[in-house]
Amino acid sequence: MPVGVQAPEASPGRYHRRRDDDDGNGNDCSDVLGVNVLDEGADPFDIPAKRASVERLRRWRQAALVLNASRRFRYTLDLKKEEEKEQIRRKIRAHAQVIRAALLFKEAGQKHDVDRELPGLANLLKTNTEKGVHGDEVDLACRANAFGANRYPRKKGRSFLGIKEGWYDGASIAFAVFLVILVTAVSDYKQSLQFQHLNEEKQNIQVEVIRGGRRIEVSIFDIVVGDVVALKIGDQVPADGVLVSGHSLAIDESSMTGESKIVVKDHKSPFLMGGCKVADGYGTMLVTAVGLNTEWGLLMASISEDNNEETPLQVRLNGVATFIGIVGLSVAAMVLIVLVARYFTGHTTNPDGSIQFVKGQTSVKSTIFGTIKILTIAVTIVVVAVPEGLPLAVTLTLAYSMQKMMADKALVRRLSACETMGSATTICSDKTGTLTLNQMTVVRSVVGGIKLKSPADIENLSPVVSSLILEGIAQNSSGSVFEPEDGSPIEITGSPTEKAILSWGVELHMKFAEEKSKSSIIHVSPFNSEKKRAGVAVIVDDSDIHVHWKGAAEIVLALCTNWLDVNGISHEMTPDKANQFKKYIEEMAEESLRCVAFAYRNLDLNYVPNEEERINWELPDNELALIGIVGMKDPCRPGVRNAVELCKNAGVKVRMVTGDNLQTARAIALECGILTDSQASQPVIIEGKVFRAYSDAEREAVADQISVMGRSSPSDKLLLVKALKKKGNVVAVTGDGTNDAPALHEADIGLAMGIQGTEVAKESSDIIILDDNFASVVKVVRWGRSVYANIQKFIQFQLTVNVAALIINVVAAISSGNVPLNAVQLLWVNLIMDTLGALALATEPPTDQLMKRPPVGRKEPLVTNIMWRNLFIQAVFQVTVLLTLNFRGRDLLHLTQDTLDHANKVKNTFIFNTFVLCQVFNEFNSRKPYELNIFDGVSRNHLFLAVVSITVVLQITKDQLHLHLHLCDCACPSDQNYQL
């Protein structure tokens, strides 16, 4: 069972997990997010884009007058269930703490020599700490059968029928309700399956394991007991296990223990718990338990992840729908009072002209029937007012967009990001792997103070220089080289930069395993984006200590006081020689090359701390001797220039934030179209340390002008995001490193890279870009705008239907005491046609026109002025036509010779069909609210055409049924009203 021990305080540079209720400065934010946020003068609809507290969600519903929220949106957050989950988390964490305390107590009384016991444990598990398990199918299957698979039960998805969500909508209109239930159930079921698939994708982490002596990537679900797993900064520990070897390995165990402390792991504290994150360093672990046999597995089985998230748009629409319902109730109450007054004062007449109620003459039975008819009219008006199709439209458009975004290599982790991305005004993008291919190769090299003809041309170098450069490449690396015994091609693993350097080493005839065996690593300073270099101390021949450094060329060069020539002789780094090396770096940078320098120094063995004190030892990085500099080419991605141009046309400014030097950053920015030749001075292109030195006010003043930030650290990126947000921008940020987590968390939309991104970065993000491609980021912007546009289309369509029907029925009821559109007909329109209308309009694919408009404002109203104009004109047209038919229908339809009862039936049926056909044409109008040509692209939208066709067919079928009943009515006269 994994055990953690309290470690010394982590250094400030290391990663710290941020609590949701912490503002990053250690201050409790519970008041900000909960109690005081909706106090005097606060806008209840000023909804944060993500991570709202449970208390705030509860206040949203109170402020928005949300009635029966779980019925309006099928995936509404269950606040009570969230509190129960948190209680379960606390219990499991307390359980883990008790076990930890017991084992610490046991360790205090009995010290173990883990180094001596580890081989025995490996033998018991029939594995090897160096080569891992054998790795063939039989071995893996046996281990999975014996120890279980690294999986745990998932929460079952919502059932297909969804009986709970719909039968209460009105059992009296069985066919209408059945159809709505069917459509809603299918939508919910598909959305549930989709969420399950997305959860599987999110949790299907690729893990590097050692099998058969080689490093390979496997799914976290395929980890077996006995596997040797390679860990590096930002990784998630895939299962419970024991440390085999590690260098500066620090683990964030807050996900299990609830304590925001970084625990250093070594052979005194070797136990690793699954689900924790690697905060610093790297190493290997031996897997001892998987799946439900781990603490993380038990936790996940108890609280399976849900996607019941309310987005800001859903909350606003909940309020809108409730407000419209209240208006409908108010109008219905007013009409009820008017009709009751008309009835009991003798102003309501029958079709033959007789008064319906005469005091003292009308029977009690007739009075009751008359009153019920009046109540039916009032209920009909309520039915007209409530926008039943609105919640379904939101659910459909979010589900449809998430599915399509997945096909476009974007995995949505938070629903709110779909909406917020449509409002993005700026994108702060990384360079490596996002704007470029992340396929690096060494194309230039300077070794021994001279330019080599080719990067691998070392014939003129002395053995001293060659051995030092190969020692630095092999030992100061987190990657590996596997040379198959059968003569197959060499396999190189690691980050793109590591792979490029190791490939260069192979070209220099480096034998990786042999080079590693010549010296032993005694301490490592892992690379991070703050210091932009990595170091290692190795002992050679049991006495000589070599400290090797590699990193950003100009940073390493600044640390060098000497340089080695081709003969291995050390010379002082004079200003002239330093300038010569700087010129080499600038020449490489102007060719868009990433420059990495190699340096080393000798160290007396007496200056090396003993093993216990070595954990906190800072490797010396002064008085270094420069060995060489290499330039690596990472070409721009095809199509990235067009994607940047598309963003510019859409009013979205693209900014490049990179750790490369200014010359390299400028060259790539010009190649990608982010910069033009005239934009090459401050503050358009700025260095991270310069921006960092500004005051808050100065940063806000220049933030909007910045297009490229070079030599930036993650803290610089965070400062830029904060400054841009204060200027009113909606900021999207890409990131892949562990230290990018604060910027991803702070941004309105955090976009993590799916291939190169660490698990810490992915968990802090809202959307994961699966192919690390900037073009996919632009597609996300398109879909974000499409979500908002589709909701607006349906709102225009829905409100036009409701306004027209409400006015017609209110005017007719007050003027004559009767309504031309009865409850059954209006439920047909609201539940059937609006459901199909939601399906048609909510699934409109994004168009190029969306990327020619400016971003949607953060607080722009849902119903714009153009939409009000369209709604008003369409509603006036429909009301005019339908009221004309209502009051002049007998004359226009030549029914003056028919009986009044028959004429009214024919007239009302004609009004209903006209009303339905008006809505069919209104669907076409709503497709393009901002364009004149409403038929543009309609032939390519097969779903829309299918929905319109189904609507017309259903209406014709209903008319045939009505005609059949009307003929029966003519043959067998009765007092029953067959009007549908």
Side-chain angles (χ1 to χ4, degrees), residues 72-76 165-166 179-192 194-195 309-318 320-321 387-408 412 415-419 421-422 782-802 829-847 849-850 856 862-864 867 870-871 919-920 922-930 934 937-938 940-951:
R72 294 194 180 281
F73 293 99
R74 307 303 181 194
Y75 285 85
T76 300
E165 294 116 356
L179 189 56
V180 171
I181 291 172
L182 184 63
V183 172
T184 305
V186 170
S187 172
D188 285 356
Y189 180 66
K190 288 181 67 177
Q191 192 170 353
S192 176
Q194 185 178 336
F195 281 142
E309 176 194 355
E310 283 179 302
T311 70
L313 184 57
Q314 283 180 331
V315 175
R316 291 172 70 183
L317 288 176
N318 249 334
V320 169
E388 290 289 340
L390 194 56
L392 181 61
V394 179
T395 302
L396 282 173
T397 192
L398 285 173
Y400 175 77
S401 300
M402 287 177 66
Q403 180 183 359
K404 294 297 183 181
M405 287 168 74
M406 188 71 179
D408 282 340
V412 179
L415 282 176
S416 57
C418 291
E419 303 162 9
M421 200 64 190
R782 254 170 88 100
W783 278 110
R785 294 190 175 191
S786 178
V787 167
Y788 202 86
N790 286 350
I791 295 297
Q792 285 186 315
K793 291 172 187 177
F794 185 75
I795 288 175
Q796 178 179 309
F797 172 73
Q798 176 86 71
L799 291 182
T800 304
V801 175
N802 291 6
V829 172
N830 264 22
L831 298 179
I832 309 302
M833 219 185 83
D834 287 358
T835 298
L836 295 175
L839 187 62
L841 295 172
T843 55
E844 278 272 327
T847 62
Q849 195 67 29
L850 286 172
V856 179
L862 279 174
V863 184
T864 64
M867 291 171 64
N870 298 343
L871 191 155
Q919 306 324 315
V920 171
N922 190 28
E923 279 189 76
F924 284 91
N925 290 330
S926 300
R927 282 188 69 246
K928 305 284 183 181
Y930 300 94
I934 60 173
V938 72
R940 295 190 296 272
N941 192 345
H942 303 298
L943 182 58
F944 180 87
L945 294 176
V947 168
V948 170
S949 301
I950 291 171
T951 303

Exercise for the section: List for me each residue that meets ring-ring contact (aromatic ring centres under 6.0 Å, His included) alongside Phe924, sequence neighbours excluded, and say none if there are none. Expected result: Phe935, Phe944
Completion exercise
So NZ of Lys404 and CZ of Arg782: to nearest 0.5 Å the spacing works out to 13.0 Å
Handout entry: Among Leu841, Asn922, Asn790, the one residue meeting side chain to side chain contact (heavy atoms under 4.5 Å, CB included) with Arg927
Key = Leu841
Handout entry: Atom pair CG/CD of Asn925 and Gln796 - distance to nearest 0.5 Å
Key = 7.5 Å
Fill in the blank from the handout: CD1 (Ile795) and CG (Asn802) are apart, to the nearest 0.5 Å, by 11.5 Å
Practice task
Supply the atom-to-atom distance Gln919 CD to Thr800 OG1, rounded to the nearest 0.5 angstrom.
Solution key: 7.5 Å
Problem - Spacing of NZ belonging to Lys793 relative to CD belonging to Glu923, to within rounding of 0.5 Å - result: 12.0 Å
Problem - Student check: side-chain heavy atoms of Trp783 and Cys418 closer than 4.5 Å - result: no
Practice task
Search all heavy atoms of Val412 against all heavy atoms of Met405 and return the closest pair with its distance.
Solution key: CG2-CE, 3.7 Å
Practice task
To the nearest 0.5 Å, tell me how far Phe794 CZ sits from Thr843 OG1.
Solution key: 11.5 Å
Exercise for the section: Starting from the C-alpha separation in whole Å, work towards a yes-or-no answer on side chain to side chain contact (heavy atoms under 4.5 Å, CB included) for Tyr788 and Leu862. Expected result: CA-CA 9 Å; Tyr788 202 86; Leu862 279 174; 3.7 Å; yes
Fill in the blank from the handout: Taking every heavy atom of Ala842 against every heavy atom of Tyr400, the minimum-distance pair comes out as O-CD2, 4.2 Å
